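In what follows, a structure is listed as structure tokens, so that the remarks can point back to it.
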There are 2 protein chains.
Amino acid sequence: MGRSHSEPQAPLRADAITYGLLPELIGYRLRLAQIAIFRDFCVKVGEADITPTLFGVLVLIDANPGMKQTQLAEAIQLDRSSVVSVLDKLEARKLVERIRAPDNRRANALHLTAAGRELLHTLTPQVLDHERRLVSRLSAEEQAQLRTLLGRVVAGLQQNDELPLPTAP
Amino acid sequence: MGRSHSEPQAPLRADAITYGLLPELIGYRLRLAQIAIFRDFCVKVGEADITPTLFGVLVLIDANPGMKQTQLAEAIQLDRSSVVSVLDKLEARKLVERIRAPDNRRANALHLTAAGRELLHTLTPQVLDHERRLVSRLSAEEQAQLRTLLGRVVAGLQQNDELPLPTAP
DNA sequence: TATTGTTATACTCTATAACTATA
DNA sequence: TATAGTTATAGAGTATAACAATA
């Protein structure tokens with residue numbers, strides 16, 4: 001494994017770096033892709049302080065008005081308590097409202113405000129533009145296949161069992 | 001966009017959650033996949049306190065003995081200063097050594113210790129096993145295609161330009 | 001002056017555990 | 001007892017900026 005340890009001591013040229021096992025690992029490539037995507041998203045989606053997660057929350061609440069925090073937590077793969085701080089941020093920016101659910105006074109029904117919907121309308125084309133850049137080297141067919149393959153990776157892991165939630169990347 | 005706001009107020013059933021735009025977005029699916037992968041990696045790769053990043057660093061140093069910290073930083077997409085703390089951790093565990101480079105006394109040549117190589121040998125089959133689980137629903141052909149497509153996503157974004165480094169996911 | 005590594009620092013994201021109020 | 005949300009807290013991971021040693 002790796003270069004033998006009796007090799008010459010000349011410093012490694014930058015372009016001589018090798019990656020060992022890593023390029024074989026889909027997990028590794030996925031990680032690189034996600035880092036690149038996250039950076040591109042944050043740079044190119046104009047409105048400051050919108051991350052992919054916050055955008056996802058806006059989309060979900062818009063698509064499911066009245067949804068509960070626990071449902072949101074499950075949908076975006078966060079702990080309930082993490083959702084609280086995400087919503088605190090969005091509510092402070094008047095993008096989201098928590099409305100005490102009349103049928104169950106423990107729960108909050110989540111709704112976008114008018115400003116939240118407006119922001120979502122502004123962001124969506126920017127996100128689609130980012131997405132277009134993402135797949136700039138893929139044919140329509142390849143894009144569809146990538147979606148399918150990624151979906152199957154997730155499904156393959158989730159079937160395994162209920163995992164605990166180590167602090168994610 | 002979303003459900004009309006004059007709909008009945010019955011609480012959303014859990015299985016009625018919809019995802020709006022999100023399933024169309026490759027960026028979103030990639031994120032879900034990466035979260036699932038990270039969790040599976042941490043649960044299933046036995047040696048405690050080895051994350052995908054730390055494993056990647058071990059592989060890279062093994063494949064490029066004598067490499068410099070700056071080269072490592074570029075290879076794993078971290079800032080120089082972040083590499084310092086990663087290496088501090090690995091050096092404290094006696095897995096990696098920094099050896100003052102004789103030809104350039106500013107730089108450190110990085111090497112795995114015997115223990116580091118041994119750990120890498122222990123981990124590698126576990127990582128491959130994790131990887132196998134990852135692609136359990138993919139044919140060999142599909143696996144190869146997924147690797148290719150992910151590589152092209154990264155390449156497509158990186159050509160754009162030198163991005164600053166917002167704190168990543 | 002530029003480069004390499006380091007330090008000091010701060011920020012973001014996230015989870016855990018214990019708590020409140022409802023059910 | 002169980003569930004929904006909250007709080008307090010802690011930890012991991014990362015970047016920025018200023019610095020020392022070396023080139």
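The structure presented is a predicted model; accordingly, all values stated were derived computationally and were not measured. Each chain gets a letter, A, B and so on, in the order the sequences are listed, and its residues count up from 1.
Ion pair B/E142/A/R152 flagged as a salt bridge, since at least one NZ, NE, NH1 or NH2 atom sits closer than 4.0 Å to an Asp/Glu carboxylate oxygen.
Evaluation of atom-type donor-acceptor distances gives no pair under 3.5 Å for the side chain of A/R105 against the base of C/dT22. B/S81 contributes no side-chain N or O that forms a donor-acceptor pair with the base of D/dT14 under 3.5 Å. Applying the 3.5 Å distance criterion, the base of C/dG5 shares a donor-acceptor pair with the side chain of B/R80.
Between C/dT12 and A/K89, no contact under 4.0 Å exists linking OP1 or OP2 to a side-chain N or O. Put simply, B/Q69 has a side-chain N or O that comes within less than 4.0 Å of OP1 or OP2 on C/dT6. Contact check, B/R98 against C/dT6: a side-chain N or O comes under 4.0 Å of OP1 or OP2. Considering only side-chain N and O atoms, B/S85 lies nowhere under 4.0 angstrom from the phosphate OP1 or OP2 of D/dG13.
Out of C/dA15, C/dT22, C/dT4, the shortest distance to the side chain of B/N104 is found at C/dT4. Of the candidates D/dA15, C/dT14, D/dA4, the closest approach to any side-chain atom of B/L78 belongs to D/dA15. Considering only side-chain atoms of B/R106, the nucleotide from C/dT3, C/dA23, D/dT6 that sits closest is C/dT3.
Among the heavy atoms of the strands lying under 4.0 Å from A/T51 are primed sugar atoms or P, OP1, OP2 only; no base atom is included. Nucleic acid contact for B/S82: base, since at least one base atom lies under 4.0 Å from a heavy atom of the residue.
Taking atom CD of residue A/Q34 and atom C1' of nucleotide D/dG13, one finds them 14 Å apart after rounding to whole Å. To the nearest angstrom, P of C/dA15 lies 6 Å from CZ of B/R39.
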